[in-house]
Amino acid sequence: MSSHLLRKGYESGEVERRWYAYWEKEGLFAAEDVSDKKPFSIVIPPPNVTGVLHMGHAHNNTLQDILCRYRRMRGDNVLWMPGTDHAGIATQNVVEKVLAKEGKDRHSLGREEFIKRVWQWREEYGGLIIKQLKRLGASCDWDRERFTMDEGLSEAVRTVFVQLYQQGLIYRGHYIINWCPRCQTALSDLEVEHEDHNGHLYYVRYPLEDGKGGIIVATTRPETMLGDTAVAVNPNDERYQALKGKAVILPLMNRRIPIIFDEYVDMKFGTGALKITPAHDPHDFDIGQRHDLDAIKVIGSDGRMNEQAGRFQGKDRFECREAVVEALREEGLLEKVEPYQHSVGHCYRCRTTVEPYLSQQWFVKVKPLAEKAIAAVQTGATRIIPDTWTKTYFEWMNNIKDWCISRQIWWGHRIPAWTCETCGELIVAMEPPTACPACKGSTLVQETDVLDTWFSSALWPFSTMGWPDDTQTLKTFYPTSVLVTGFDILFFWVARMMMMGLHFMKEVPFRDVYIHALVRDADGKKMSKSKGNVIDPLYVIDAFGADAFRFTLAALAAQGRDIKLSEDRIEGYRHFINKLWNAARFSLMHLSDFQPDVSTQDARQLSLADRWILSRLNGVVEMVTKGLDEYKFNEAAMTLYQFVWHEFCDWYLEIIKPVLYGSTVSSRDGSEVSKPAHNETTRFVLWSVLNEVLRLLHPFIPFVTEEIWNKLPGTEGSIMKAEFPAVTQERHDPEAEAIMNLLMGITGGIRNIRGEMNVPPSMRVTATVQSADREAREILEAHQDIVINLARLETLNVTPPGKRPPSCATSVFGNSTIFVSLKDIIDFKAEQARLNKEIGKIIKELEGVGKKLSNEDFLTKAPQAVVEGVRAKQERLVEKKNKLEGQLRTVSQLAGELEWTKVPRMN
RNA sequence: AGGCACGUAGCUCAGGGGGAGAGCGCUACCCUGACACGGUAGAGGUCACGAGUUCAAAUCUCGUCGUGCCUACCA
């Protein structure tokens, strides 16, 4: 028998590379477009091409991989569709930075040339994250990898755009949008991140035109006053009734602007008078529309004051604020300044303060689309898990506003719209038109804007499968089974996929949406490069192995709570991988010449331990299956951890060692009895439990399980092709579990005494178990080997209740009293203390039980079974207490007698 | 401002109306022929606080405090 089947410690690096290459080569990740098998599909949340793998990706993809591997083993036809996202703004920024280093910018290159450079960049660096996903073990069908800028996906984008336009669900118009002066583009509402900001509330006096006093307005942005075209008050505001039909002179600009009356104005805020800047505030814009006011833009697209700003032209908007305030102060029009906290929007890409900006943009009218998306979740066509996110989803969907989809950047899907130079006709079409349908003019200029990246992402579940063609892939795999994603893109992405999927496929894009937690650092802070608290997944994989990393993520993935990740945790789970490795190493030492098909099942004579471990395994299969089916990854992972470490290793392997080694044990009368080498059954059980454990664990820790699997006799091919274990009712064996519980309890009692009384592990002692229960006695006698072996006994005596053996420490388990003979080494004082502690615990428990049983209401109203249970417990406790107190009396007496003697104590 | 989570052992967290759990850490003893990335035993908790429902509350309800997060057009 070779003891070198496995190395002493598991070394992940080489194993991972070898098996991943093998899986890919064998095409084990491939989905079948046509198959009799049940389809199971997931589309990957496409990472940015510019991205590098971070903890969020690692977590997200680990969960998806677990599901996919599990489903494959369950016999499903699994499609895990991979790909990346073109990430318009982010990618453009990255390439612009590269250009900047060369002393160029995109404008000097020109649009076409710039886009060429982006593609070049993508060829060179864009695949990085895909390689990193492979390191993690992701079993995506890589032959189907997609990119949102691919020809096929671009066609899908154009198709959707044209159809929505024709249906009146896309429109173009002048509105206030969020503008990033640095990125030089419009942003959607979602791309603006609000942050509280300590600013000021400035009170400014606008003199009345007739010179009779003035009106004071309050504002946080005095620089916008340069573009004011009115002052508004509430029509119900008593204070301002006299101002009807009047006008004020706008300070610094000396422009006459009217006082208007609008219900929007809050009488309780500030002075109840609101300055109106239709070109630089969304609400002012609405008010301006209602009152037919001019919209004067005073801030340019670069964030600097323009020619409309008079003497402030050229100043940055924040410099201008200071200057305006100063000028007002000089003119005596600044009434007061109060500190004021308000939230300010920032660009999600570059953190620049966003400017509300009036410009022509394209929008999707989302209300009609949202209605269907809401209904789909209400009817359960799509489930959101955990359910708590359903409410958030509805909340947002019900208050949804039109989506600004045009971006003034170059990298992205160019909007398929053309304007006729001759007559101004707007043409939206799949292909570039050759002539204007209105005037037949041929000078047509294409829209320069591109679409929001999320517009193409919204089509991902069907565009990746070949839509708008009616492909076999779509027939087989749409709707997808589940979408696994973080809540941070619930609105950005999930909600929009729901809308687009329902509209164009007439079917939800996914049956389930599993929303997982965010990975944070050990202190619960969001990981970010600027904070410097990121843990690089690649570093983790190198240091601890992909399996340890994956298992950690799964084990910590409790629904609805963030994951606080630290290296210590990962190290802890690496120990688990190592434990499994060594359990396998041990098993393989005894299985090297084992032929599972030869030791036929019908000849099996299962021992108690065999029956027990198989019964427990059966329970584990049930729990793991349930856990995975309900997305309770942590429960499945922890069940396996517990079973492998504590039941399989700590108990089963320890119990069968003597059988496997064929060693001798002492029988009750002291004679040596040699264990027959009939260990074929044991070997069979050992083999099958390990075999099944590997299959159960494979979705979580694919590499190490594959490595061991291939060393295990009687297995063929990849573990990926093995069946996921199924519950087998015949293995369920409550009797074996009950018997083992007794044996483990008695063993535990003896070990407790040994530990507490400081008996050296090397010393074998004699134990006596007294029990009035004949069945318990028979069990103990029949299985004394187990207790003798695991409690390190010289001898185990089993008798009916009787005289107390001398020089003993005592413990009680069930209705058995355990005596451990400590001849010459017993320290009566220590034993007294130990018994007192033990009795103290029981008294505490009895108090609680007693209180219940003396409560008349409990006895009459609680279910009969519960009352019986408590009664039985009380009886057990009283009996145990009596026994221990008897022992305490004896020991105290002995301790008193020996007071003068120096009792040797083992330390 | 509103909404949603969460306060359980020193730390990180499971659990979720009738016996307070795990991992890590800690203490003691052990290199026993798979594993010291190990073994055995042990210490440690008014389950945030206050009320309510109930025979019974860590668990359900309400409130308070604290901590996160999300959504908000009141300048």
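Sequence lines set the chain letters: A, B, ... in the order given, protein chains first and strands last, and positions in each chain run from 1. Since the model is a prediction, treat every value here as computed from it, not as a measurement. Computed from heavy atoms alone, side chains included, the values below leave out hydrogens, waters and symmetry copies.
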For nucleotides 41-44 of chain B, print each protein N/O atom paired with a nucleotide N/O atom at under 3.5 Å, atom names and distance only.
from: B:G42; atom 1: OP1; to: A:N752; atom 2: ND2; distance (Å): 2.8

For [X], check ring pair (Phe, Tyr, Trp, His ring centres under 6.0 Å) against everything at least two apart and list the hits.
X	answer
A:F394	none
A:Y206	none
A:F858	none

Taking only N/O atoms, report every protein-nucleotides 53-57 of chain B pair under 3.5 Å with atom names and distance.
from: B:C55; atom 1: OP1; to: A:K861; atom 2: NZ; distance (Å): 3.1
from: B:C55; atom 1: O2'; to: A:N855; atom 2: ND2; distance (Å): 2.9

Please enumerate all protein N or O atoms sitting under 3.5 Å from an N or O of nucleotides 20-23 of chain B, with distances to 0.1 Å.
from: B:G23; atom 1: OP1; to: A:H646; atom 2: NE2; distance (Å): 3.4

message: The criterion is side-chain contact (heavy atoms from CB on, under 4.5 Å); which residues satisfy it with A:A279, sequence neighbours excluded?
response: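 Applying side-chain contact (heavy atoms from CB on, under 4.5 Å) to A:A279 gives A:A295, A:K297, A:L358.
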message: So that I can tick it off, tell me whether A:E223 and A:R321 are bridged by a salt bridge, with the cut-off set at under 4.0 angstrom between side-chain N and carboxylate O.
response: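 A:E223 and A:R321: salt-bridged.
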query: Is it true that A:E879 and A:R876 make a salt bridge, defined as a side-chain N closer than 4.0 Å to a carboxylate O?
result: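 A salt bridge is absent here (no side-chain N lies under 4.0 Å from a carboxylate O).
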- prompt: Hey, does A:D650 reach any base, or is it just sugar-phosphate, or nothing, if we go heavy atoms under 4.0 Å?
  reply: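 Sugar-phosphate contact only.
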query: Between A:I746 (CD1) and B:U40 (C1'), how many Å, whole number?
result: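 One finds 18 Å between C1' of B:U40 and CD1 of A:I746, rounded.
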Which pairs, with at least one residue in [range] and sequence neighbours excluded, count as a salt bridge (Lys or Arg N to Asp or Glu O under 4.0 Å)?
range	result
residues 844-862 of chain A	A:E845-A:K873
residues 640-654 of chain A	A:R616-A:E647, A:E654-A:K657
residues 259-272 of chain A	A:D262-A:R290

Nearest-nucleotide 5' precedence on RNA chain B, A:D568 against A:P761: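 Nearest-nucleotide comparison on RNA chain B picks A:D568.
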- prompt: Do A:T392 and A:E395 have a side chain donor and acceptor closer than 3.5 Å?
  reply: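 Result is no, nothing qualifies.
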message: Within the 4.0 Å limit for protein heavy atoms, which parts of nucleotides 69-75 of chain B are touched? Write it as a string from 5' to 3', B for base, S for sugar-phosphate only, - for none.
response: --S-BBB
- request: Go ahead and write out RNA chain B as dot-bracket, 5' to 3': ( ) for pairs within the strand, [ ] for ones crossing earlier pairs, | when the partner sits on another strand, dots for unpaired; Watson-Crick or G-U wobble, both distances under 3.5 Å.
  value: ((((((((.[[[[.)..(..]]]].(((((.......))))).....[[[[[..)....]]]]])))))))....
